[in-house]
Amino acid sequence: MLPDAATIAALPTSPGVGTTAGSSPRPGPAPSNVSTPSAADFESWKQGFLDRHGGARRAEYAREMAGLTPDPQVIRLDRNQPEFSRPPGAYVTSATAPARIAEGRQRIDRVPWDVVQRYGVPSEILLGIWAQESSFGRIQGENDVIRSLATLAFDGRRRDWAEGQLKHALDIVVDGKRPRSGLKGSWAGAMGQTQFMPDNYLRLAVDQTGDGTVDIWTSDADALASAANLLAQAGWKRGQGWAHEVILPDGFDYSLAESDRQTWSFWSQRGVRLADGATLNASELAEGATILLPQGARGPAFLALPNHYVIRRYNNSVSYALAIGLIADRISGKPGLTRPWPDDAPLTREQRIGAQQALARLGFDPGGIDGVVGAGTRRALRNWQAATGRLADGYLTAALADELGRL
């Protein structure tokens, strides 16, 4: 989707490219809060979609959507994305398991060197995406992409986005770029080894093998070159890292986290230091960077460089970007984090929605009541914490969610 950098913090927490097919929760019975969609209502939405987007291709779109029914499992999974429901530490620890790092090191020669040279994205970052999105191509998703996107559009939480992606998916089939039977992907419509959404497939996917077909499903080279092209187009900065773990001083003003980007001199003057004792290179020193507290003041802290936000153009989740960066660091042989992740319990959807509703009632706008703890919710929570004399780290624990729910 590639929004500009100025709006990244305000992005909806929908998938940017993929939805981490390799780590998505397994389908199961739909919970009681996901009702069975009405066939009549779905048909009404479908006809409206064809009216809005069909144009000269209405008949062809209608042909591909004939007999389509919504998938309740897609709705369930959309409301329980692991990047936004699991504690960051649990998500990252799973992503950086030793077996995955070992496999990444074994596969480093699978990244074409001319791809790294052309786009400037390190092999290790591309391996991190490949690992996290599809477990190195093994788990790409078997969902009918058109059905999944139609379900998301009908459900309505992200209708405009989903209808746009659905139109692009239909165009892929109608234009003969991929047969309908081969248009398979994740529950959210992300496709191939690097889990591209249909719009990005049409705009940014690369035929690295030169065989006349852009095959991100079975060609490692096409999939990895496509991911590199997306990151390069999103503004990847050559010669810079993605983030550094930092140690914060006693008395640090946690309300500065996820605020305006500042140079390293700004942060070092406030007592922030790099955890591994290293130094930033000249290019990194000139950049603005943000302090991230993915699991609050008790967990690791990071100095997020611009490339962290480029990774979030792939999937707008702090946990996701941390996972990709830390996989890359481990593959390249960098040491682990100096500060352990707190062992926090995951939040239920009811707790997340209840906290957002409470913050809104109290005058701290979370930017939507959707059960997804993104940048808007963290900002609102940080402001409420500061207003009530608490340590303003913006991290929603189960205890804090329950407290807010009682207000």
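Please read all numbers here as calculations on a predicted model, not as lab measurements.
The structure places CG of Leu322 at 11.0 Å from CD1 of Ile327, a figure rounded to the nearest 0.5 Å. A distance of 4.0 Å separates OG1 in Thr194 from OH in Tyr314, rounded to the nearest 0.5 Å. To the nearest 0.5 Å, atom CD1 of residue Ile129 and atom CG of residue Leu230 are 8.0 Å apart.
For the pair Arg110 and Trp130, the cation-pi test (distance below 6.0 Å, angle within 45°) is failed. Geometrically, Arg178 does not engage Tyr201 in a cation-pi contact, judged by NZ or CZ lying under 6.0 Å from the ring centre and within 45° of the ring axis.
In terms of heavy atoms, Asn143 sits closest to Ser148 at CB-OG, 3.5 Å. Considering every non-hydrogen atom in both Thr209 and Ala221, the closest pair reads CG2-CB, 4.1 Å.
A salt bridge is absent between Arg100 and Glu103: the closest approach of a Lys/Arg side-chain nitrogen to an acidic carboxylate oxygen does not fall below 4.0 angstrom. Using a 4.0 Å cut-off between charged side-chain N and carboxylate O, Lys167 and Asp171 make a salt bridge. Glu245 has no carboxylate O lying under 4.0 Å from a charged side-chain N of Arg339, or vice versa, which leaves the two without a salt bridge. Of the charged side-chain nitrogens involved, at least one lies within less than 4.0 Å of a carboxylate oxygen, so that Arg57 and Asp175 count as a salt-bridged pair.
Applying the ring pair (Phe, Tyr, Trp, His ring centres under 6.0 Å) rule to pairs touching residues 44-72 yields Phe42-Trp45, Trp45-Phe49, Phe49-His53, sequence neighbours excluded.
At distances below 3.5 Å, at least one donor-acceptor pair connects side-chain atoms of Ser186 with backbone N or O atoms of Ala190.
Applying side-chain contact (heavy atoms from CB on, under 4.5 Å) to Val92 and the options Leu326, Leu337, Val318 leaves one that passes, Leu326.
Residues Gln262 and Arg270 bring no donor and acceptor atom of their side chains to less than 3.5 Å of each other.
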